[in-house]
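Just below is one structure, and these are the notes that go with it.
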Amino acid sequence: MNSISDTWQVVKDILREKMNPISVETWFGDAKVIELRGSEFFVYTPTRFVKETIEKHYLETVAYALNELYPGQGLVLRILCDEEMELFNEGADKNKPNYRDRFTFDNFIVGRSNEFAHAAALAVANERNVGYNPLFIYGDPGLGKTHLLYAISHVMKSRHPEYNIVYVRGDDFLNEMVASIQQGKTSEFRSKYRGTDLLLVDDVQFIAGKDQTQIEFFHTFNALLEKDKYIVLTSDRPPRDILTLVDRLKSRFEGGITAEITAPNLETRIAIVRQKASAFGMSLSPDVTEYIAENITTNVRLIEGVIKKVHATSTMFVDDGVDSTSLRDIVESIIRTEKANCTPELIIEKTAAYFSLDAELMLNKTRNKKTVLARQVAMHLIRLLTDVTTTTIGKHFGYADHTTVLYAIRAIEERLPKDPILADSIKDIRNNIMTAVSDNT
């Protein structure tokens, strides 16, 4: 073959023989090959949602295709989304933290909603108190948990350039562990995580309910603590509320310091707007600043999205600037885009991924218990998170009328107050959906 791009085209041709061509186009159409480095075949895809879907459902199929082209070489597919591409372009390993300026403590706006988490993170970064190990930070998506992880790594790396620092998401830890077992590389996997000086795990709740992953993480956790190595974890809830997390991990996670981050108040949001605007070289008027802070209340990522659009608009219309009408349109368009991105297709895919099912299986009326529950949860979430009618929801699942959908939604609603594990699962799926929506907004 003439180039690695030619190889990728042949891989996709092989995938079309093994998969539905529409699925190939949906999940691999925008994927671009980057590099063949050793035994790793790097491919870029724009969003984390697509990356996660490929990793959950299609890694084995791609491995088969690569083995057809390079027999005996054991090539592994590595999917990189935007944040990982920046690291890759800097020549860093995909698990190494990114030390960009916007992830420092200096650029983290402190308010009443996050001051304890910030202080605890700063203490860990400066190694002031071993009793802060592990540090467990929890709160809803988009409030700055990941920012604090990167800020800790930035300070720690500047103090100790020789430190081995590893950042990983909980779901990536799971995927890597499964891949290491399939490829007979468990010793390399364990060496990587148990040989760190600082382990940063984002969204650790994703290992809950996965027995083998929890066992592996438990031993990794203990190995690091025994060597006085630092561990920082984030989650969307405190350890005691991760219901499918085994008790021995709950007790380990609660053995250090837990710190909550809540939604910022108005004064903090105003400070965040000013800081984000300053990063773009803008000085917004007080009324513009307050309008943004008053209307984007629960997610810092959306504030950044508004600032980006304001900057783009002011650049295009230098003479007129951004008046109150155009600002209102920008804010409303961000909110509309977020809602528009929350589609039935996205909800179905995220629900299927959570239950480790193929999305198409959920749509073909399979009656086994696990698939039925996943289908009902998806219907419940579509009704909750979109404006789609029950009749339209039924059509997504191949039902002629809406009565089956109403039954499914009612079944979930009646079960939720009596089934905290199901409620926990639905919260996980909803957070996955909203994270994907924010990334695509």
Side-chain angles (χ1 to χ4, degrees), residues 112-121 124 131-149 168-174 199-218 220-222 225 231-264 298-301 347 350-351 353-356 373-374 376-377 380-381 384-385 412-436 438:
R112 283 180 294 176
S113 61
N114 59 25
E115 60 186 350
F116 179 70
H118 172 267
V124 169
Y132 280 64
N133 201 16
L135 170 59
F136 192 103
I137 303 171
Y138 67 95
D140 288 337
L143 297 181
K145 301 187 300 295
T146 302
H147 188 138
L148 286 178
L149 288 187
V168 67
R169 280 172 51 94
D171 50 346
D172 287 336
F173 182 89
L174 166 63
L199 177 61
L200 308 164
V201 185
D202 217 352
D203 292 324
V204 74
Q205 73 271 10
F206 287 122
I207 70 169
K210 314 296 191 301
D211 292 342
Q212 193 169 2
T213 306
Q214 292 188 93
I215 291 170
E216 182 63 37
F217 194 83
F218 175 79
T220 296
F221 190 99
N222 285 345
L225 283 189
I231 304 167
V232 186
L233 313 167
T234 76
S235 174
D236 61 350
R237 74 206 76 165
R240 64 180 178 276
D241 290 345
I242 308 176
L243 300 182
T244 52
L245 188 70
V246 294
D247 288 341
R248 60 181 181 175
L249 277 179
K250 286 183 184 179
S251 66
R252 293 298 191 281
F253 292 172
E254 292 173 339
I257 294 292
T258 59
E260 183 181 14
I261 298 180
T262 58
T298 60
N299 193 318
V300 175
R301 289 190 196 129
I347 293 170
K350 282 296 185 183
T351 304
Y354 184 85
F355 284 98
S356 300
L373 176 60
Q376 290 178 339
V377 167
H380 165 76
L381 287 169
L384 186 68
L385 300 176
I412 294 297
E413 289 175 347
E414 291 175 356
R415 184 172 167 179
L416 277 174
K418 300 174 286 186
D419 191 341
I421 291 178
L422 176 62
D424 211 23
S425 297
I426 289 176
K427 182 175 181 179
D428 276 342
I429 298 167
R430 181 170 179 170
N431 284 343
N432 290 348
I433 292 165
M434 300 317 297
T435 297
S438 293

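Note that the structure is a prediction, hence the values are computed from the model and not measured.
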*Could you tell me whether a side-chain N or O of Gln214 sits under 3.5 Å from a main-chain N or O of Val246, the two making a donor and an acceptor?*
yes
*Please report the C-alpha distance between Thr234 and Leu148 in whole Å, then the side-chain angles of each, then the deciding distance to 0.1 Å, and finally whether the side-chain contact (heavy atoms from CB on, under 4.5 Å) criterion is met.*
CA-CA 10 Å; Thr234 76; Leu148 286 178; over 6 Å; no
*Does atom CD of Gln212 have more than 12 heavy-atom neighbours from other groups under 6.0 Å away?*
no
_Separation between NE2 of His380 and CG of Leu416, rounded to the nearest 0.5 Å_ = 5.5 Å
*May I ask you to test the Pro264-Asn114 pair for a side-chain heavy-atom distance under 4.5 Å?*
no
*With Asp236, which residues qualify under side chain to side chain donor-acceptor pair (under 3.5 Å), at least two apart?*
Asn431
*Distance in Å, Phe136 CZ paired with Thr258 OG1, rounded so as to fall on 0.5 Å steps*: 8.0 Å
*Between Phe173 and Phe206, does the ring centroid distance fall short of 6.0 Å?*
no
*Would you say Ile242 and Ser235 make side-chain contact, with heavy atoms under 4.5 Å?*
yes
*Excluding sequence neighbours, so at least two apart, what forms side chain to side chain donor-acceptor pair (under 3.5 Å) with Asn222?*
Arg252
_With a 4.5 Å cut-off on side-chain heavy atoms, are Ile412 and Leu373 touching?_
yes
*Applying the side-chain contact (heavy atoms from CB on, under 4.5 Å) test to Thr244, which of Ile421, Asp428, Asp211, Ile207 qualifies?*
Ile421
_Could you report the tightest heavy-atom contact between Ser113 and Ala263, atom names first, then the distance?_
CB-O, 3.5 Å
*Apply side chain to side chain donor-acceptor pair (under 3.5 Å) to Thr351 and list each qualifying residue two or more places apart in sequence or on a separate chain.*
none
*asked:* Do Asp172 and Asp202 make a side-chain contact, defined as non-hydrogen atoms from C-beta onward lying under 4.5 Å apart?
replied: no
*What's the spacing between Leu149 CG and Arg169 CZ if we round to 0.5 Å?*
11.5 Å
*Mind checking whether Leu225 and Ile231 have side chains closer than 4.5 Å, heavy atoms only?*
yes
*For atom CZ of Arg248, is the number of surrounding heavy atoms from other residues, nucleotides or ligands below 6.0 Å larger than 12?*
yes
*Roughly how far apart are Phe217 CZ and Lys210 NZ, rounded to 0.5 Å?*
14.0 Å
*Rounded distance (nearest 0.5 Å) linking atom CD1 of Ile257 with atom CG of Leu135*: 8.0 Å
*In Å, rounded to the nearest 0.5 Å, how long is the span from CD1 of Ile347 to CD1 of Ile429?*
10.5 Å
*Taking the side chain as C-beta and beyond, is there a heavy-atom pair between Leu245 and Gln205 under 4.5 Å?*
no
_Partner set under ring-ring contact (aromatic ring centres under 6.0 Å, His included) for Tyr354, not counting sequence neighbours_ = none
_Would Lys350 and Leu381 count as a side-chain contact (heavy atoms from CB on, under 4.5 Å) here? Give the steps._
CA-CA 11 Å; Lys350 282 296 185 183; Leu381 287 169; over 6 Å; no
_Nearest heavy atoms of Ala117 and Ala259, plus distance in Å_ = CA-CB, 3.6 Å
*Listed partners of Arg415 passing side chain to side chain donor-acceptor pair (under 3.5 Å), at least two apart*: Asp419
*Check salt bridge (Lys or Arg N to Asp or Glu O under 4.0 Å) between Lys145 and all other residues, then give those that pass, not counting sequence neighbours.*
none
